[in-house]
Amino acid sequence: MGFKQKVMEKKIAIIDCNNFYVSCERLMNPISIGKPTVVLSNNDGCVIARSQEAKDLGIKMGDPYFTQKDFMNKHGFCVYSSNYNLYGDISDRVFSVIKKYSLNVEVYSIDESFVDFSNINFENLKDVLEKIKFEVKRQVGIPVSIGVGPNKTLAKLTSYMAKQDKTYNGLCSFWDIVNFRNLLYSVDVSDVWGIGRKWSKKMKSFGIESVGQFVNTSDGLVQQLTNINGLRTKYELLGSYCFHVQLKPKLKKNLTSSRSFGQDINSLDQISEAMYNYIKSGVKKLNQNKMATTTATIFLSGNTHKDQNHSKSKTITFDKSMNDEIEIWSQISKHLEDMYSNLKTYKKCGVTFHNLVPQNVIQNTLFPSNFEKLIPPINKQKKWEMKQEFKSQKFTTSWNELPLVFS
DNA sequence: TCTGGGGTCCTAGGACCC
DNA sequence: TCTGGGGTCCTAGGACCC
């Protein structure tokens, strides 16, 4: 055992689907099995999921598709546009298998969950985790990796190790690792959950390269280089429990609708039309959640890949809660005009709704609204629309349409 | 020519109130 | 009229995650 076991020590697992979007596409398109395979973001812009074969050929996360297209053609890649309906369905199936083994599940993202197994004995822990891994693969067809440790950060770190070192066979326990503290000197600080690109770059300029060096950095310097959560991350790496497993899903706090434009644009008409459409789809999401909003933030930004880092945002508070796109547009359009400059070009815009309230508590104002409803902008050349060339034609509308998998 | 979208949290600074 | 500090709230921006 790496550490002496503490009283009340928790056992937190992370269960993580391998190359999730690629694994989903392979269920629907078995022809891609064994071939290098990638899934592209919206606009078919960049790579957001890679099969092992694609990783081995040097394709990186976030690589722009247009820079790799020829290479991929040459090497017989299977390329898919993202299909979130499919991934959502398969995600539900994965979680329902996991929940047969524990109810202490936090669904952390579409392909990951934290599970609190503190009530299970150490003798049985690995068996249960092995069983879950086996059953998710057998029943849903999705391979998973599992890391387990005394907190979320160490679970993530061991799951990372399980993926790096094939001898773990996809399951790594913190309590099986000998000399854990020494091992931390061979792990790059940027591989820690919670330490991103900016922070790790900052740390490296202070000579902090490895996780071992990070946990030996003074609290003061850690907080200076990051923030309070960076300090919590340090304490979790040392064995404390700071980031709690969230068993009850929290209510949605805000909701965003935004897109990059198909090309850079500078016409206010075009931007207005795009913004109106994002408001419309945001309102659709509000209605699906039976929510309304009292506050919106609109934002407008340039093409960061062309050093056009200008970005503006504006928060607007309404005089009542709203869920009507034309009313919301009426409150927002003048602010969009203020933010816009005809001397700049723009690549992206969008809207976030905050202060979401249930629709059944909407109070209609006693007096008629005193703002005029503006006619929404429509029927322009839609330069802002996105493209999607490789979308799989198959959608799952019920579980029965998915192929059954037995292994 | 073409480089994702959505979510949460934290911080600094300003406005406002007492 | 002049004086000031502390608390709270809001916003814009910037981190992080997937």
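Chain naming here is simple, since letters A, B, ... match the order of the sequence lines and numbering starts at 1 in each.
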**Q.** First of A:His305 and A:Arg232 reached from the 5' end of DNA chain B, by closest nucleotide
**A.** A:His305
Q.
Counting the atoms with a prime plus P, OP1 and OP2 as sugar-phosphate, which does A:Lys306 contact under 4.0 Å by heavy atoms, base, sugar-phosphate, or nothing?
A. sugar-phosphate
Q.
Reading 5' to 3' and counting Watson-Crick or G-U wobble pairs with both distances under 3.5 Å, write the dot-bracket notation for DNA chain C, | for bases paired outside the strand.
A. ....||||||||||||||
Q. Under 4.0 Å: is that the gap between some side-chain N or O of A:Lys347 and OP1 or OP2 of B:dG4?
A. no
Q | Residues which pass side-chain contact (heavy atoms from CB on, under 4.5 Å) with A:Ser109, listed by chain and number, not counting sequence neighbours | A | A:Asp111, A:Glu112
Q) So, are A:Arg232 and A:Glu236 salt-bridged, with charged N and O less than 4.0 Å apart? A) no
Q: Mind checking ring-ring contact (aromatic ring centres under 6.0 Å, His included) for A:Trp199 and listing every partner two or more places apart, or none if nothing turns up?
A: none
Q) Sequence neighbours excluded, which residues qualify as ring-ring contact (aromatic ring centres under 6.0 Å, His included) partners of A:Phe71? A) A:His75
Q. Could you state the CG-C1' distance from A:Asp264 to B:dT3, rounded to the nearest angstrom?
A. 11 Å
Q.
Output the rounded distance in Å from NZ (A:Lys252) to C1' (B:dG6).
A. 8 Å
Q) Does A:Lys248 come within less than 4.0 Å of A:Glu106, counting only side-chain N to carboxylate O? A) no
Q: List in numerical order all residues of residues 207-214 of chain A for which some heavy atom is under 4.0 Å away from an atom belonging to DNA chain C.
A: none
Q: Nearest whole angstrom, please: distance from the P of B:dG4 to the NZ of A:Lys348.
A: 7 Å
Q | Whole-Å distance separating the CG atom of A:Asp70 from the P atom of B:dT1 | A | 14 Å
Q. Could you write nucleotides 10-18 of chain C as a row of B, S and -, 5' to 3', where a protein heavy atom under 4.0 Å of any base atom gives B, of only sugar-phosphate atoms gives S, and otherwise -?
A. -SSS-SSSS
Q.
Would you call the rings of A:Trp193 and A:Phe243 parallel, tilted or perpendicular, taking 30° and 60° as the class edges?
A. perpendicular
Q: Using a heavy-atom cut-off of under 4.0 Å over every strand shown, decide if A:Asn229 touches base, sugar-phosphate, or nothing.
A: sugar-phosphate
Q: Please report, rounded to the nearest Å, how far the C1' atom of B:dG5 is from the CZ atom of A:Phe261.
A: 14 Å
Q.
Listing request: all ring-ring contact (aromatic ring centres under 6.0 Å, His included) pairs with a residue in residues 40-66 of chain A, at least two apart in sequence or in separate chains.
A. A:Tyr65-A:Phe390
Q | Residues that A:Ser272 engages under side-chain contact (heavy atoms from CB on, under 4.5 Å), provided they are two or more places apart | A | A:Leu268, A:Trp329, A:Leu336, A:Pro377
Q: Pick base, sugar-phosphate or nothing for A:Thr352, based on heavy-atom distances below 4.0 Å to the nucleic acid.
A: nothing
Q | Identified side-chain contact (heavy atoms from CB on, under 4.5 Å) counterpart of A:Ser113 within the set A:Ile98, A:Val144, A:Ile14 | A | A:Ile98
Q) Which pairs pass salt bridge (charged side-chain N to carboxylate O under 4.0 Å, His left out) with one or both residues in residues 193-222 of chain A, sequence neighbours excluded? A) A:Asp188-A:Lys204, A:Asp219-A:Lys234
(Q) Hydrogens and angles aside, do A:Asn287 and A:Gln359 bring a side-chain donor and acceptor to less than 3.5 Å of each other? (A) yes
Q | Length of the line joining A:Gln263:CD and B:dC2:C1', which is rounded to integer Å | A | 10 Å
Q) Quantified in whole Å, what is the C1' atom distance between nucleotide B:dC2 and nucleotide C:dC18? A) 25 Å
(Q) Once you apply a heavy-atom cut-off of 4.0 Å, does A:Lys285 come out as touching a base, just sugar-phosphate, or nothing? (A) sugar-phosphate
Q. Starting at the 5' end of DNA chain B, which residue's closest nucleotide do you reach first, A:Gly62 or A:Ser258?
A. A:Gly62
Do any N or O atoms of the protein come closer than 3.5 Å to N or O atoms of nucleotides 7-9 of chain C, and which pairs are they?
none

Q. Would the A:Phe117 and A:Tyr101 ring centres measure less than 6.0 Å apart?
A. no
Q. For the pair made of CG in A:Asn42 and C1' in B:dG4, what is the distance, rounded to whole Å?
A. 6 Å
Q: With sequence neighbours excluded, give me every ring-ring contact (aromatic ring centres under 6.0 Å, His included) pair touching residues 286-315 of chain A.
A: A:His310-A:Tyr346
Q: Give a yes or no on whether a salt bridge exists between A:Asp264 and A:Lys306, defined as a side-chain N under 4.0 angstrom from a carboxylate O.
A: yes
Q: Return the set of residues passing side-chain contact (heavy atoms from CB on, under 4.5 Å) with A:Thr67 (not counting sequence neighbours), or none when no residue passes.
A: A:Pro64
**Q.** Atom-pair distance (CD1 on A:Ile48; P on B:dG6), nearest Å
**A.** 12 Å
